[in-house]
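The figures that follow rest on heavy atoms only: side chains count, while hydrogens, waters and symmetry mates do not. Letters A, B, ... mirror the listed sequences (proteins, then strands); counts begin at 1. Remember, predicted model here, so these are calculated numbers, not experimental data.
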Amino acid sequence: MGVSTPLLGISVLAYMMVVFYFGWLGYKQTKDNDDYMLAGRKVNPFVLAFSYGAAFISTSAIIGFGGYAGAFGLGILWLVAMNIIVGIFIAFVIFGSRTRRMGANLKAVTFPELIGKRFQSRFIQGFSGALITVFMPLYAGSVLIGGARFMETALNIDYNIAILILAIIVAAYVITGGLIAVMYTDALQGVLMFVGMGILLVLTYSKLGGVTEAHQALTNMAYLVPDNLAAVGHTGWTTMPAFGSPTWWTLVSTIILGVGIGVLAQPQLAVRFMTVESTRSLKRAVLSGGPFIFMMAGVAYIVGALSNVYFFNTQGMISLEVAGGNIDKIMPEYINSAMPDYFVIFFLLTLLAAAMSTLSSQFHAMGTAFGHDLYREGIMKGKIGKTINVTRAGIATTIMISVVLAYILPPGIIARATAIFFGLCAAAFLPMYSGAIFWKRMTRQGATASLLVGTFASLFWLTFIHAKEATALGISQALFGVDTILTGTWTLVDPILVATPLAFLVAIVVSLMTEPASKEHIEQCFKKN
Amino acid sequence: MLGIDDPQIWLAYILCFISAIGCIIYGALKWNDDSDDGEAE
């Protein structure tokens with residue numbers, strides 16, 4: 001890094017002090033379980049929008065997907081459109097308003113509890129809690145690694161120590177301050193990220209001579225696509241990959257649909273809808289939520305792709321070559337060589353904020369899933385009261401699991417962790433969650449069946465068929481001696497396209513075959529408040 | 001359009017802007033609207 005370390009150190013320290021201040025405020029304001037779990041159900045719409053966005057967009061969304069755009073081009077912009085339309089508009093207005101109302105009617109404080117109470121099933125709550133407890137630490141582990149890598153290079157701290165420092169700092173304010181601390185620090189981090197990415201966009205376009213000029217230069221570079229990438233469908237940075245090619249399948253099924261739709265059923269995001277007082281707050285939050293996602297994802301991908309023009313102009317190479325073939329290094333290389341020093345410092349803070357905001361909401365969501373949903377409600381059947389301490393112990397435990405995973409898991413699995421978690425959430429939770437809030441006729445049996453089918457179909461597809469995860473996990477290889485048990489295009493189709501429709505179908509068929517819940521219960525769930 | 005030849009890409013590019021601006025307009029228009037799913041209270 002070409003920036004002065006003392007200056008960076010001071011900036012990080014100042015930033016940390018503000019974060020801790022918010023954490024302390026959260027601690028002071030936390031009086032009961034509703035405060036700790038749902039920030040008292042009266043969060044400001046702006047805080048909701050920015051904390052939702054900041055939790056959603058991690059360092060890997062900026063660095064990893066920005067780098068993906070650098071390597072494969074602007075086709076990933078469809079994900080931005082999906083993120084804004086599905087991840088913000090549909091999520092807040094259509095899912096959010098019903099989630100908030102039902103959550104308040106049923107006095108649910110977590111996502112698994114909302115579904116569990118809607119279907120009057122401790123099993124659903126406990127099993128959903130268990131799924132989150134087992135798989136979210138994987139996702140958190142990968143974000144932890146991203147954040148620690150940043151601290152390693154930027155602050156010259158040993159990588160293994162960086163993981164610990166980062167985990168301890170975030171754990172401190174999440175455990176003590178609960179969701180109030182999480183959401184206010186997230187919103188603060190969101191503001192930093194918004195400003196950082198805004199400057200990045202303006203500087204990039206101005207450096208490359210303007211919007212149309214920059215795009216035109218990128219379009220003209222199509223002949224520079226390396227042969228090995230052209231062979232798998234890469235046609236240039238301003239064109240879609242060849243239809244049906246491996247690159248096309250990964251882009252469309254895993255990235256655009258998998259991440260674009262999967263976001264609806266993310267427990268750490270869905271729980272935020274229950275933190276606001278009214279539907280009005282959710283509608284107000286759309287105003288800042290849409291532009292926020294655009295500034296994060298949109299800017300990262302546009303800049304990632306345009307880095308090719310910059311590197312070609314300055315070094316005669318495409319970004320992937322400059323980064324030595326490592327997609328994750330494209331964004332850092334570009335920022336370091338193209339941006340002024342003062343901005344590099346600011347951008348490093350932006351990335352740290354992105355990692356910490358995602359981590360804090362993951363820690364809170366998996367801790368509550370473990371302490372509250374799995375242990376208190378699922379195993380102890382609600383017999384141990386409603387103390388916050390059980391949840392705190394749950395958060396501490398799951399954080400430790402994430403740290404251990406970050407140390408011991410092979411990099412191949414960690415790199416796939418986000419996709420695994422998103423796919424699993426979409427298949428296990430989305431059909432059950434949509435049915436819970438939109439379809440009064442959906443029954444407990446239908447929900448249970450769809451939860452189980454979605455979970456196991458998705459895990460099966462990940463372990464034995466979808467090549468990227470199956471190869472990294474190596475279970476299919478160990479059992480059957482082949483990387484994947486199907487071949488050809490099937491190995492490219494993301495689990496979300498198979499397991500989610502299957503779980504929807506099961507939910508509908510089983511619900512129609514079983515007795516509906518009592519009228520009183522349904523009225524209680526859906527009544528206006 | 002905008003230096004991008006493939007309509008599948010410039011459509012996505014424009015859609016990103018339109019949807020972000022659409023969110024701003026929606027949020028502003030519905031600033032005091034508390035009804036669920038478009039039903040009037």
Gap separating the CH2 atom of W78(A) from the CG atom of L11(B), nearest 0.5 angstrom: 5.0 Å

Nearest non-hydrogen partners of L77(A) and A12(B), listed with the distance: CB-CB, 4.0 Å

OH on Y26(B) to CG on L287(A), rounded to 0.5 Å: 11.5 Å

Interface moiety of I293(A) toward chain B, non-hydrogen atoms closer than 4.5 Å: neither

Residues T279(A), S35(B); criterion side-chain contact (heavy atoms from CB on, under 4.5 Å); working and verdict: CA-CA 7 Å; T279(A) 300; S35(B) 61; over 6 Å; no

Any side-chain heavy-atom pair of R280(A) and N32(B) under 4.5 Å: yes

Leading residue by heavy atom contact count with chain B [cutoff under 4.5 Å; candidates W237(A), F89(A), F292(A)]: F89(A)

T239(A) side, atom OG1; D5(B) side, atom CG - distance, nearest 0.5 Å: 9.0 Å

Full working for side-chain contact (heavy atoms from CB on, under 4.5 Å) between I302(A) and Y13(B): CA-CA 9 Å; I302(A) 292 170; Y13(B) 186 87; 3.6 Å; yes

Contact winner vs chain A - A20(B), G22(B), G3(B), heavy-atom pairs under 4.5 Å: G3(B)

Pairwise distance OG1(T219(A)) to CG(L2(B)) - rounded to 0.5 angstrom: 10.0 Å

Shortest non-hydrogen separation from K283(A) to D33(B) and the atoms involved: NZ-OD2, 3.2 Å

Where I84(A) and C23(B) come nearest, the two heavy atoms and their spacing: CG2-SG, 3.8 Å

Inter-residue atom distance S281(A).OG - D34(B).CG, 0.5 Å rounding: 7.5 Å

Pairwise distance CD1(I85(A)) to CG(L15(B)) - rounded to 0.5 angstrom: 4.5 Å

Residue selection (most heavy-atom pairs with chain B, distance under 4.5 Å) from H215(A), Q216(A), M295(A), R284(A): R284(A)

Among A49(A), G298(A), P291(A), residue most engaged with chain B (heavy-atom pairs, under 4.5 Å): P291(A)

Chain B contact via I88(A) - side chain, backbone, both or neither, heavy atoms under 4.5 Å: side chain

Verdict with supporting geometry, T238(A) and D6(B), side-chain contact (heavy atoms from CB on, under 4.5 Å): CA-CA 7 Å; T238(A) 58; D6(B) 186 349; 6.0 Å; no

Max heavy-atom pair count under 4.5 Å with chain A, selected residue of F17(B), W10(B), W31(B): W31(B)

